[in-house]
Amino acid sequence: MYNSGKIIIGIIIFLGLITYPFWRNVGKAATPPKLEVGTQEKQCVEPTAFMKSSHMQLLDQWRDEVVRNKKRVYVSSTGKTYTMSLQNTCTKCHAKKSEFCDRCHNYVDVSPRCWDCHIAPVEQQQQAARGDK
Amino acid sequence: MDNTRRSFLKIAGLSVLGLGAKPVGEALAQGAQPKVEPFPNAKVGKRWAMVVDHKKCLKAKDGCKDCLIACHTVHNVPSFDNPKDAVKWIWLEPFEHAFPGQENKYIEEYIKVSLKGLKMVVLCNHCDNPACVRVCPVQATFRRDDGIVAMDYHRCIGCRFCMAACPYGARSLNWRDPRPFIKTELNREYPTRMRGVVEKCNFCAERLAKGQNPACVDACKEKALIFGDLEDANSEIRQVLRTNPTIQRKAHLGTRPEVYYIL
Amino acid sequence: MLEKALRGTGSYFAWVAFLLILIGVGFLFYLKQLGYGLGITGMSRDISWGVYIGQFTFLVGVAASAVMLVLPYYLHNYKVFGKITILGEFLAVASVTMCVTFVVVDLGQPMRVFNALLYPTPNSILFWDIVVLQGYLFLNIIIGWTVLSAERKGAPPPKWVKPLIYLSIPWAVSIHTVTAFLYAGLPGRGFWLTAIMAPRFLGSAFASGPSLLILFCLFLRRYTKFDAGWEAIQTLAKIVTYAMIISVFFVGCELFTVFYSQIPEHMYHFTYLFTGLHGHAGLVPWMWICVVLAFIALALLINPKTRNNETTLPIACAAVFFSLWIEKGITLVITGYVPSPLETITDYSPTIPEMGIALGVWGLGFLILTVLYKVTLGVREENAK
């Protein structure tokens, strides 16, 4: 090929740049965060494994059922009933967002927009809610 | 295109189809759906509506705003200094603005003299044939089967077509982040909204779901706001409508508003 | 073929740099808007659509004007337009891109824009507007690019382009009809609730678009080797003349209906426009400039001597373009909200960030247009050798 020297050098530089995150963190293990569940309750709305993998889907379902279908009560696979509300049900147990929700979310670098509208439990809201300016 | 490239593309296409079959199959294979229900004590209606009785409203103290304050408190509605950014779910308008085109010199005199300048309570009319629902491109505003015109703040893209369509000026966009401007005590059981979505009165659907009346109805000390199910012939609202002449705002537009006014 | 846009004179690159700066500034203002919210603009609870949607409304008309070249050339074999149909198609691409961009910058939650595709809503005219605009964009990109590539290779375009070209003709009419329907179906806005809203859009589209094309052709004639031919320019000028007459006539029809019927609700909007209402007269100067420009344009266009003159024709075209830009881009949208359905009056004036973003989008459109026209010129020059 033409200009093979320049191209090969370019490819090597490109590969080096694109793999930077990997070789920079060689030897360091990023440990998954430890979560403060925030409650003594042993049982969440659904089994822990399900919640870990699918809490977002569950919340989406809750959202559509409450907002669009007039349903408010969720009968879980454990047989217990819960009011479908992120703000009022989930945070009753998981009261400290910064020690539970945020820890994993920051670790995997997602920022769910829920809390733009849904009011997070008290520890976060001292500054944000009121406009005392 | 020569033969080997062609066959490569054929094999590649088939492989994609094959690889895609499993996730599609999994998605289509639905497991048991969990059960969801309304609250057992929810108020159930087929056609929610409201009557605003200004004869009773007149008896309230001067400058009464109990319904406004109750609604805006319960729903964390912000209060902006700049009227440009205003968000209003329920508010007061002089007669000539609430019923434009209906005014004449003598009604204005009547209101000034006999009604002591009483203002009309205006809110979303939860129309039976809502123009806003017709125009929303994502169904973020939709008409429930009980007549309430609801908002899905999660889906709203903020295009404001509904605001253009509403003949009653009942809708407000959040032009900026509303949270710093919530001047009332925060109701921690109800969310706020975020900038970029349109909001309006929801006939307190969340309170109806718990068996309660709308906040404005409960807050009015004169019981000037009568709320109920029009399809229930024995309801208080039907009784009021049977015994009082009522008018609607801009009835000729065909939106079939469900807020009725006794002047 | 895109590499043709990478070679040019110093003034070409200066122009591109200027456009890139405009786009950059607009983008920075847009980041500010994303952070603060749409409140950074002059829009308010009572005037919930402003400059962005106004520009979108005007540009939909400009985009549709490609059909004024395509229809005579492909449907009626008017060979004279042969050289410039591509210019019309590329103008359509640039305009529709600007339209879509203006809508996106106007959204309160732009990251949710795909909700419109995830939850299609056939009863919403805005849904159909998205469909027809995207369709028209793709049609013109595909048609323009294919025909130009074929021209470059010295071969006739492939057969499958023909049905697409025929499709683009009614599709062009659909884009401004559907956009007009956005306004004309709203029960609460008397200023917009008129059956001739879609015809008005057609009239102003066929005046504003071709007049811009004439300006481009005259510019290219003067500064490049591309000559559209005086006959083509004259035919376009005649189209602009009749379309402008019809547009002005339509506005006259509106004025008659409103002021002869004497219905206050209908008269308020026009009174606000022409004389001001209860002391609010923000749009009055704009409206009268629009009227004066329209009559200057008509005077220069109807008279064949001035229409045929290389000095007065561009003045007439600029007058048409700016008059209709004011009418569709500024007065149409704002006046729909004044007075409000509650008969209150709120004033509107765009803010600096709002104007910055709008200019940035115009810059983007002009950049796309510049690149596409440069490619076209490059292909034509290459073929001429």
Side-chain angles (χ1 to χ4, degrees), chain B residues 80 82-88 93-94 96-101 103 122 127 129-140 142 152-178 194-198 249-250 252-255, chain C residues 34-49 53 103-104 106-130 182-183 185-190 192-193 263-265 268 333 336-337 339-344 346-348:
Chain B
F80 293 98
N82 187 347
K84 239 168 88 327
D85 297 333
V87 174
K88 301 188 279 205
E93 285 282 1
E96 65 267 20
H97 292 320
F99 298 94
E103 73 271 22
V122 295
C127 303
N129 181 18
C132 59
V133 170
R134 201 149 61 233
V135 297
C136 178
V138 295
Q139 297 153 61
F142 57 97
D152 184 349
Y153 301 115
H154 311 88
R155 207 185 275 191
C156 177
I157 62 176
C159 72
R160 311 187 298 296
F161 202 5
C162 59
M163 288 174 76
C166 176
Y168 307 103
R171 298 171 147 272
S172 323
L173 180 83
N174 284 281
W175 297 100
R176 47 191 305 203
D177 181 16
M194 60 188 297
R195 55 170 159 58
V197 297
V198 174
R249 295 171 67 198
K250 299 212 181 189
H252 64 281
L253 290 180
T255 50
Chain C
L34 281 177
Y36 181 96
L38 281 168
I40 212 174
T41 68
M43 294 188 274
S44 59
R45 189 179 193 277
D46 283 335
I47 307 212
S48 48
W49 276 345
I53 297 296
V103 171
V104 171
D106 183 66
L107 289 179
Q109 285 281 332
M111 20 317 198
R112 294 182 185 172
V113 69
F114 287 112
N115 276 351
L117 299 172
L118 286 172
Y119 306 107
T121 313
N123 52 265
S124 167
I125 291 289
L126 199 52
F127 166 72
W128 290 111
D129 213 18
I130 297 171
L182 285 179
Y183 298 104
L186 301 180
R189 307 277 173 192
W192 296 335
L193 195 71
I263 298 176
E265 204 179 55
Y268 286 149
V333 173
Y337 293 98
S340 71
L342 276 66
E343 283 182 16
T344 58
T346 308
D347 288 313
Y348 167 81

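Excluded from the calculations below are hydrogen atoms, water molecules and symmetry mates; all remaining heavy atoms, backbone and side chain alike, are included. Reminder, nothing fancy here: chain letters follow the sequence lines and each chain counts from 1.
- Of all heavy-atom pairs between B/P137 and C/L126, the closest is CG-CD2, 3.5 Å.
- Note: C/Y36 and B/W175 fail the aromatic proximity criterion, with ring centroids not under 6.0 Å apart.
- Ion pairing between a basic and an acidic side chain is recognised when a charged N comes within 4.0 Å of a carboxylate O; C/D46 and B/K84 show no such pairing.
- The contact between B/C159 and chain C is made by backbone and side chain atoms together, counting heavy-atom distances below 4.5 Å.
- The backbone N or O of B/R134 lies less than 3.5 Å from a partner atom in the side chain of C/N123, making a donor-acceptor pair.
- Proximity to chain C is limited to the side chain of B/K250, based on heavy atoms less than 4.5 angstrom apart.
- Of the atoms belonging to C/P264, not a single heavy atom falls under 4.5 Å from chain B.
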Any chance you could lay out the side chain to side chain contact (heavy atoms under 4.5 Å, CB included) test for C/L38 and B/L173, step after step, and finish with the verdict? CA-CA 9 Å; C/L38 281 168; B/L173 180 83; 4.0 Å; yes
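- With a 4.5 Å cut-off on non-hydrogen atoms, C/R189 touches chain B through its side chain but not through its backbone.
- Both the backbone and the side chain of C/E343 come within contact range of chain B, judged by heavy atoms closer than 4.5 Å.
- Contact annotation for C/Y337: only side-chain heavy atoms (C-beta onward) come within less than 4.5 Å of a heavy atom of chain B.
- Counting all heavy atoms, side chain and backbone alike, C/S124 lies closest to B/C136 at CB-O, 3.4 Å.
- Shown here are the side-chain contact (heavy atoms from CB on, under 4.5 Å) partners of C/W128, two or more places apart in sequence or in another chain: C/P122, C/V131, C/V178.
- Proximity to chain B (any heavy atom under 4.5 Å) is shown, for C/L182, by both the backbone and the side chain.
- The structure places OH of C/Y183 at 8.5 Å from CZ of B/F161, a figure rounded to the nearest 0.5 Å.
- Within the 4.5 angstrom heavy-atom criterion, only side-chain atoms of B/E93, from C-beta onward, approach chain C.
- Of the two parts of B/R171, only the backbone, made up of N, CA, C and O, holds a non-hydrogen atom closer than 4.5 Å to a non-hydrogen atom of chain C.
- Residue B/S172 comes nearest to C/R45 through the heavy atom pair OG-NE, 3.0 Å, listed as atom of the first residue, atom of the second, then distance.
- Remark: C/L186 CG to B/M163 CE distance equals 13.0 Å, nearest 0.5 Å.
- Counting only distance, with no hydrogens or angles, the side chain of B/R155 and the backbone of C/N115 share no donor-acceptor pair below 3.5 Å.
- Interface residue C/L34: only backbone heavy atoms are found under 4.5 Å from chain B.
- Contact record, B/D85 with C/G39: OD1-CA, 4.4 Å, taken as the closest heavy-atom pair.
- Residue contact with chain C, scored on non-hydrogen atoms closer than 4.5 Å, is absent for B/F99.
- Proximity to chain C (any heavy atom under 4.5 Å) is restricted, for B/V133, to the backbone atoms N, CA, C and O.
- Within the 4.5 angstrom heavy-atom criterion, atoms from both the backbone and the side chain of B/I157 approach chain C.
- Ranked by heavy-atom pairs shorter than 4.5 Å toward chain C, the options B/A131, B/C156, B/P83, B/A140 are led by B/C156.
- Distance alone, capped at 3.5 Å, is enough to place a donor-acceptor pair between the B/R195 side chain and the C/G35 backbone.
- Top candidate by heavy-atom pairs under 4.5 Å with chain B, chosen from C/G37, C/G185, C/P341, is C/P341.
- Residue contact with chain C, scored on non-hydrogen atoms closer than 4.5 Å, involves the backbone of B/Y153 exclusively.
- Of all non-hydrogen atoms in B/Y168 and C/L342, the two that sit nearest each other are O-CD1, 3.3 Å.
- The NE2 atom of B/H97 sits 7.5 Å away from atom OG of C/S340, with the distance rounded to the nearest 0.5 Å.
- Here the side chain of C/R112 pairs a donor or acceptor atom with the backbone of B/H154 at under 3.5 angstrom.
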